[in-house]
Amino acid sequence: MMIYLVLLFPVVGYGLYRLLRYFLDKRTQQRRENLIAESFPEAWRQWLIADFPLYQKLPVDLQLKLEGHIKVFVDEKVFVGCAGFEITDEVKVLIAAQACILILNTGDDYFPGFETILVYPETYVASETHQEGVLHTNTVSARAGESWHRGPVIVAWDQVVRGAQDERDGHNVVMHEFAHKLDEQNHRMDGLPVLADRSQYKSWAEVLSKEYERLCHHHDDVIDAYGATSAAEFFAVVTETFFEKPAQLKKKHPELYQQFRLYYQLDPVLWQ
Ligand SMILES: [Zn+2]
C-alpha cells in the first residue's frame, strides 16, 4: 500500500502543478487582454511619433497591435535606472516599442524568463574577468547594451534614442539585445531561435550558416561586420538589418530576408 502512495505522489503533485499553471496562465492572459483593451495614452503616441519613425511607417493594424504590446510590456517588465538615470514613462515606452516590434506578429510570450531592464544614461564602461587555467585577464570595454543569459537586458539611453530616431542606419541596440533574448529561449544563445514550424529548421540552418560564413570572409555593405563575431551576433545583427534596411537586405541576400520574414512573420519591405 505504502509503495503505491509513494508512486502516486509525484503524479498527483505534477497534476496539481499543471492545474495551478493553467489558472495562472489564464489570469495572465485575462490581465493582458484587459490592458490591450484600454486606450493607448495620447502622450505615449506622441513620443512614438516624435522619436520612433518606424512606428509611423507601420500599417494601421500593426500600429494598433504594437500599442497593445507596449502596454503589456511596460506593465510586466521592471525598469531600473543606473548611474543616476531616472526612469520615466517615455523611457519605458521607447524601449518597449523597439523591443515589441520583434514580437509584433510572432505570438511570443513577451520575452519570458527575465524581467529587468537596466538603463544607463549613456554608453557605459564594463569590466570583465576571464580565466584561462591560472591566468586571469581583465578587459574593459565601452558598451551600448548587453543581454545576460536568463538575466537582465542592459542599454544606454543615448543609444536607445539614437537607434529609435534613425530607422535606416541598420543599428538598433534595443532590437539587437532583445533578439538575443529570443535566441536564448531554447536555452542556448547560438543564433537558432525557436522556429514556428519544424519544417523551417532545415532551410534556416542551410541559409544562415552559408550567409554567416560569407560574412566571416567577405566585407558586406548591408550587414554590419560585427555579425561575423559569432552565430548569435549574426542573428542579432541581421535582425537589426531586417527591420532597418529591409530593401537592401532583400535585394542582396534574398534567401536570408526570406528566412527572417518567415521567422518574424513580417515583411518590412512593404513599410518603406
Ligand atoms: Zn550582441
Side-chain angles (χ1 to χ4, degrees), residues 54 73 77 79 82 94-103 106 108 110-120 122-130 139-164 166-195 204-205 207-209 211-216 219-220 222-246 249 253 256-257 259-260 263-264 268:
L54 195 57
F73 187 99
K77 298 300 181 199
F79 295 77
C82 301
L94 205 55
I95 291 174
Q98 295 172 83
C100 290
I101 280 274
L102 269 51
I103 56 166
T106 61
D108 184 87
Y110 297 95
F111 306 97
F114 91 103
E115 60 178 25
T116 308
I117 299 157
L118 305 176
V119 189
Y120 281 85
E122 52 197 18
T123 305
Y124 56 98
V125 174
S127 83
E128 236 180 317
T129 305
H130 304 271
T139 53
V140 174
S141 57
R143 301 201 180 158
E146 57 194 299
S147 172
W148 289 38
H149 189 68
R150 301 245 140 219
V153 164
I154 310 171
V155 285
W157 176 244
D158 62 341
Q159 300 301 316
V160 170
V161 174
R162 183 186 291 188
D166 190 337
E167 87 288 20
R168 288 194 228 171
D169 65 351
H171 296 293
N172 186 298
V173 69
V174 176
M175 289 180 189
H176 183 105
E177 302 310 337
F178 280 85
H180 284 317
K181 281 291 169 211
L182 295 175
D183 187 4
E184 76 172 33
Q185 282 179 14
N186 52 7
H187 308 296
R188 279 194 306 259
M189 211 190 273
D190 57 1
L192 174 62
V194 178
L195 305 178
W204 179 275
V207 172
L208 269 85
S209 46
E211 295 276 358
Y212 173 57
E213 279 303 312
R214 190 186 332 199
L215 188 66
C216 288
H219 168 77
D220 193 280
V222 179
I223 304 170
D224 192 282
Y226 187 67
T229 312
S230 66
E233 294 307 336
F234 184 70
F235 173 66
V237 167
V238 177
T239 292
E240 293 174 82
T241 317
F242 177 73
F243 286 102
E244 296 218 338
K245 293 178 169 180
L249 187 68
H253 304 274
L256 194 57
Y257 184 87
Q259 290 303 315
F260 276 67
Y263 173 64
Y264 285 112

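Sequence positions, counted from 1, serve as the residue numbers for this chain. Just so you know, ligand 1 is whichever comes first in the structure, and atom 1 is the first atom listed for that ligand.
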Margin query: Under 2.8 Å from the Zn ion (ligand 1), which protein N, O or S atoms do you find? Ignore water molecules.
Written below: H176 NE2, H180 NE2, E233 OE1, E233 OE2
Notebook entry, point to check: Can you tell me if CH2 on W204 sees more than 12 non-hydrogen neighbours from other groups inside 6.0 Å?
Noted result: yes
Check: Considering residues at least two apart in sequence or located in another chain, which fulfil the salt bridge (charged side-chain N to carboxylate O under 4.0 Å, His left out) criterion with R188?
Finding: D190
Next item on the list: Sequence neighbours left out, what passes salt bridge (charged side-chain N to carboxylate O under 4.0 Å, His left out) with E167? Give chain and number order.
Entry: K57
Next item on the list: Fit a plane to each ring of F178 and F111, take the angle between them on a 0 to 90° scale, and name the class: parallel (under 30°), tilted (30 to 60°) or perpendicular (over 60°).
Entry: perpendicular
Between side-chain atoms of residues 153-161 and protein atoms elsewhere (two or more places apart, or another chain), which donor-acceptor pairs fall under 3.5 Å?
unit_1 : atom_1 : unit_2 : atom_2 : d
D158   : OD1    : T123   : N      : 3.3
Q159   : NE2    : T123   : OG1    : 3.3

Checklist line | Side chain to side chain, P193 and Q185, heavy atoms closer than 4.5 Å | finding: no
